[in-house]
Amino acid sequence: MKENAASTVVFILLLFLNTNLLNGQSPPGKPEIFKCRSPEKETFTCWWKPGADGRLPTNYTLTYRKEGETFTHECPDYKTGGPNSCYFNKKHTSIWTIYIITVNATNQMGSSSSDPRYVDVTYIVEPDPPVNLTLELKQPEDSKPYLWIKWFPPTLVDVRSGWLTLQYEIRLKPEKAAEWETHFAGQQTQFKILSLYPGQKYLVQVHCKPDHGFWSEWSPESSIQIPNDFSMKDATVWIFVAVLSAVICLIMVWAVALKGYSMVTCILPPVPGPKIKGFDTHLLEKGKSEELLSALGCQDFPPTSDCEDLLVEFLEVDDSEGQQLMPAHSKEHPGQGVRPTHLDPDSDSGRGSCDSPSLLSEKCDEPRANPSKFHTPEGLEKAEKPETNVTQPQDPQSTSVEGKIPSFHASGSQSSTWPLLQPPSLPYPRSSYHSVADVCKLGLGTAGAASALLDETDTHALKPSQTIETGGEGKAAEHRESESFRSKTDRDAARLLPQDKSPSISARPLEYVEIHKVSKDGALALLAKPNENSGWAERTSTPESSKEYSKVSRVMDNNILVLVQARRARDLAPLEEPAKEAPPSVPQNPAEVDLASFPAAPSNCRLQLGGLDYLHPTGFMHSFQ
Amino acid sequence: MDSKGSSQKAGSLLLLLLLVSNLLLCKSVASLPICPSGAVNCQVSLRDLFDRAVILSHYIHNLSSEMFNEFDKRYAQGRGFITKAINSCHTSSLSTPEDKEQAQQVHHEVLLSMILGVLRSWNDPLYHLVTEVRGMQEAPDAILSRAIEIEEQNKRLLEGMEKIVGQVHPGVKENEVYSVWSGLPSLQMADEDTRLFAFYNLLHCLRRDSHKIDSYLKLLKCRIIYDSNC
């Protein structure tokens, strides 16, 4: 029986439930009070969210209980706050009291209650936005123009009695801008904006916050158009600025006018022009071209100074009169005063033809050695001591370069003159001529050191070379030179070394230079002759058309060699040998080395040569002796 | 020499005079004379007193609010303390106005005495609060530092209020009415839950009462100083 009854009840319940479910009707879902707010700390409103209504008309009631009271009240006003809300007016609102509020949802099927919400009006104050936002552009006479923003507190809030204290914040932006510019205004109900862009339309908003509450919503936007002529600065400021700049400009113009040249010189130092050693500009000015040219030994005018200088230096190994080849080692070009002393009007002393670019030609298309190389001669020259006897240099050089250029001392006096040009990697310490050629050769692989050097000497290294000539190059210079070259020319050295190491003198890389021209007295102007790479052995690259003076026919004036044509290869070999054997004789015949024996330029180093060859002076000396 | 000595004496005397006068002047700036109520020239000092009092009360309520929020976040989550913290403040025995109308109907002298009563009621609890928070395990510095600050500022506010009362309502010897706080044993309970609730309740009541005092003072200020036209 009991079982039957129980089962019957269950059955009925299930039936009931099914029926209801089939209808889709159910008790209401649980509502939820989601917000309670007081706009002025005198009233408040609560809103709830209904749950599922179970497809039945649902009735919502709000009940509450106050702290300190025992009975439950119902919401006094469901309407004022909108749907699903309860509005508590002043009479029903107590501050500093906790309200326990509950919403009940009831429908035909059942009812449900929300969770109780504990509300204290003290802490839910959120006012309405301020009202009557006005914008006004003010442009007073004696002050900057500004935008004056004014507003009023929200109507409901009682600020006058001090029940609520409001603080305001405004924000503005140009219409098209993306970001708002916010300003805190404190408790005042006005604000001045000073920085505005003319021609823009500005939007302004304001909101407020009670002393212990939440910020209100932003008020509706107010807009204002700033006129284009809204000047933000005083005219006087502009006038002052204009006057000041005018004064400054005047001062600058005056300064430039007075010191223009020196300033320009300071900023853009003049490019030093080429100085020709021994080229007396005074002579030029005076128009004594003949004298000048003869002094230079040029057949043509204008002279090409570069080759001239270098050639001259190489050639001038006058020692007897104690002529100092450029004793001054200083950076400056040797004064013209020095030059003229060496100038011999007869100038058969092989002052190279001025129109032969010779080794100094820039046409050498070797890759230039890097600047350090270029500067080494200068550096060297700087380091060198000016003291110089032509006779001197030999020993210091030999000793200094001993480690590096073992055979350096072999060449005669002339070798001492150009240690600068001696590439350290080259073991043979040829005469400076040779060294120049060697350098040039080395320059093949290393960007035309020789040409570089020569070029260097061209412009103003001639002086240094002169100083070198004097034999002043000290050990330091030598070392420096050698080191700098060494690093650069190792490869070349390696290449050239095999030749150098050959014991025979013939292995010494004699370089042929072309004789550029022969003066009327038979003085030779020598040019470095371009050779092929393996120039040593060949020595045949002289163009057929070029005349080759390779045999000394006589010596003139004790300082001029007269050369005649001869077969180069043959002649040189014997010349070389005696040169090597006669180191001691070198110092004795410095005068005989008037001819510049430029080493033949490496082939790549397309030095402009006139098809003449220079002979190695050592060979000459020997033959003379 | 004699004239020189006398001139020196005169100089030093002058210096001394100058010094004394400076001191007197400084002193006079610092301390304003107490004036009877209603005297026009006293409004300035009363205004200053009220301004300072309002600043203090505002500051104390901010600290209390922060302290309560900090405690609620750290210790009271999910414990439902709020349900138990109904009608549990010791100052509820002091009948104070519960809304604006009631407050505006109260005479300012009465309101002042009410304020004083509430302030006095909190002397003891604040002292013990500091002691007990220090003794809490992992004494939270945010709560402790604020408790210490509130205690000190409360004393200062009390002094200021007494000065205001002295000016607004001079001569009346008011009986010092205040509520006695008996929550100390709860704060020292061994049971953590009970103890935490005791703290929660205390902080909750402090937050409320400091807000009450702040509101009353602002009402009084606007009423007395600005004639209800803030």
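Below, read A as the first sequence line, B as the second, and so on, with proteins coming before strands; counting in each chain starts at 1. Remember, it's a predicted structure, so these values are computed and weren't measured experimentally.
Using a 4.5 Å cut-off between heavy atoms, Y226(B) makes no contact with chain A at all. Using a 4.5 Å cut-off between heavy atoms, D214(B) contacts chain A through its side chain alone, with no backbone atom that close. For T96(B), no part lies under 4.5 angstrom from a heavy atom of chain A. With a threshold of 4.5 angstrom between heavy atoms, I100(A) approaches chain B through side-chain atoms but not through N, CA, C or O. Heavy-atom distances place the backbone of T93(A), and not its side chain, under 4.5 Å from chain B. In this structure, the portion of Q104(B) lying under 4.5 Å from any heavy atom of chain A is its side chain and not its backbone. Heavy atoms of E67(A) lying under 4.5 Å from chain B belong to its backbone as well as its side chain.
Within the 4.5 Å cutoff, side-chain heavy atoms of T122(A) are placed close to those of H211(B).
Heavy-atom neighbours of E74(A) CD from other residues, nucleotides or ligands within 6.0 Å: above the threshold of 12. When the shell of 6.0 Å around CD of Q77(B) is examined, it contains more than 12 heavy atoms from other residues, nucleotides or ligands. Other residues, nucleotides and ligands contribute more than 12 heavy atoms inside 6.0 Å of the CD atom of E126(A). Counting heavy atoms of neighbouring residues, nucleotides and ligands inside a 6.0 Å radius, atom CZ of R160(A) does not exceed 12 of them. For K84(B), the NZ atom sits in a packed shell: over 12 heavy atoms of surrounding residues, nucleotides or ligands are nearer than 6.0 Å.
Here the OH-CD1 distance, from Y118(A) to I86(B), works out to 6.0 Å after rounding to the nearest 0.5 Å. Taking CZ from R208(B) and OH from Y123(A), the interatomic distance works out to 6.5 Å, rounded to the nearest 0.5 Å. Between atom CH2 of residue W163(A) and atom CG of residue L219(B) there is a gap of 6.0 Å, rounded to the nearest 0.5 Å. How far OG of S64(B) is from NE2 of H212(A): 9.5 Å, rounded to the nearest 0.5 Å.
Ion pair D158(A)/K100(B) flagged as a salt bridge, since at least one NZ, NE, NH1 or NH2 atom sits closer than 4.0 Å to an Asp/Glu carboxylate oxygen.
If you check the side chains of D211(A) and H61(B), you find no donor sitting under 3.5 Å from an acceptor. Using modelled atom types and a 3.5 Å distance limit, the side chains of S215(B) and K41(A) yield a donor-acceptor pair.
The most heavy-atom pairs under 4.5 Å with chain A, out of N62(B), L217(B), L220(B), N87(B), come from N87(B). Contacts with chain A were tallied for Q102(B), R223(B), K212(B); K212(B) has the most, counting heavy-atom pairs under 4.5 Å.
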Between T165(A) and K221(B), does the side chain to side chain contact (heavy atoms under 4.5 Å, CB included) criterion hold? Intermediate values first, please. CA-CA 12 Å; T165(A) 308; K221(B) 180 180 120 175; over 6 Å; no
Given D99(B) and E42(A), is the side chain to side chain contact (heavy atoms under 4.5 Å, CB included) satisfied, shown in steps? CA-CA 7 Å; D99(B) 60 23; E42(A) 295 173 45; over 6 Å; no
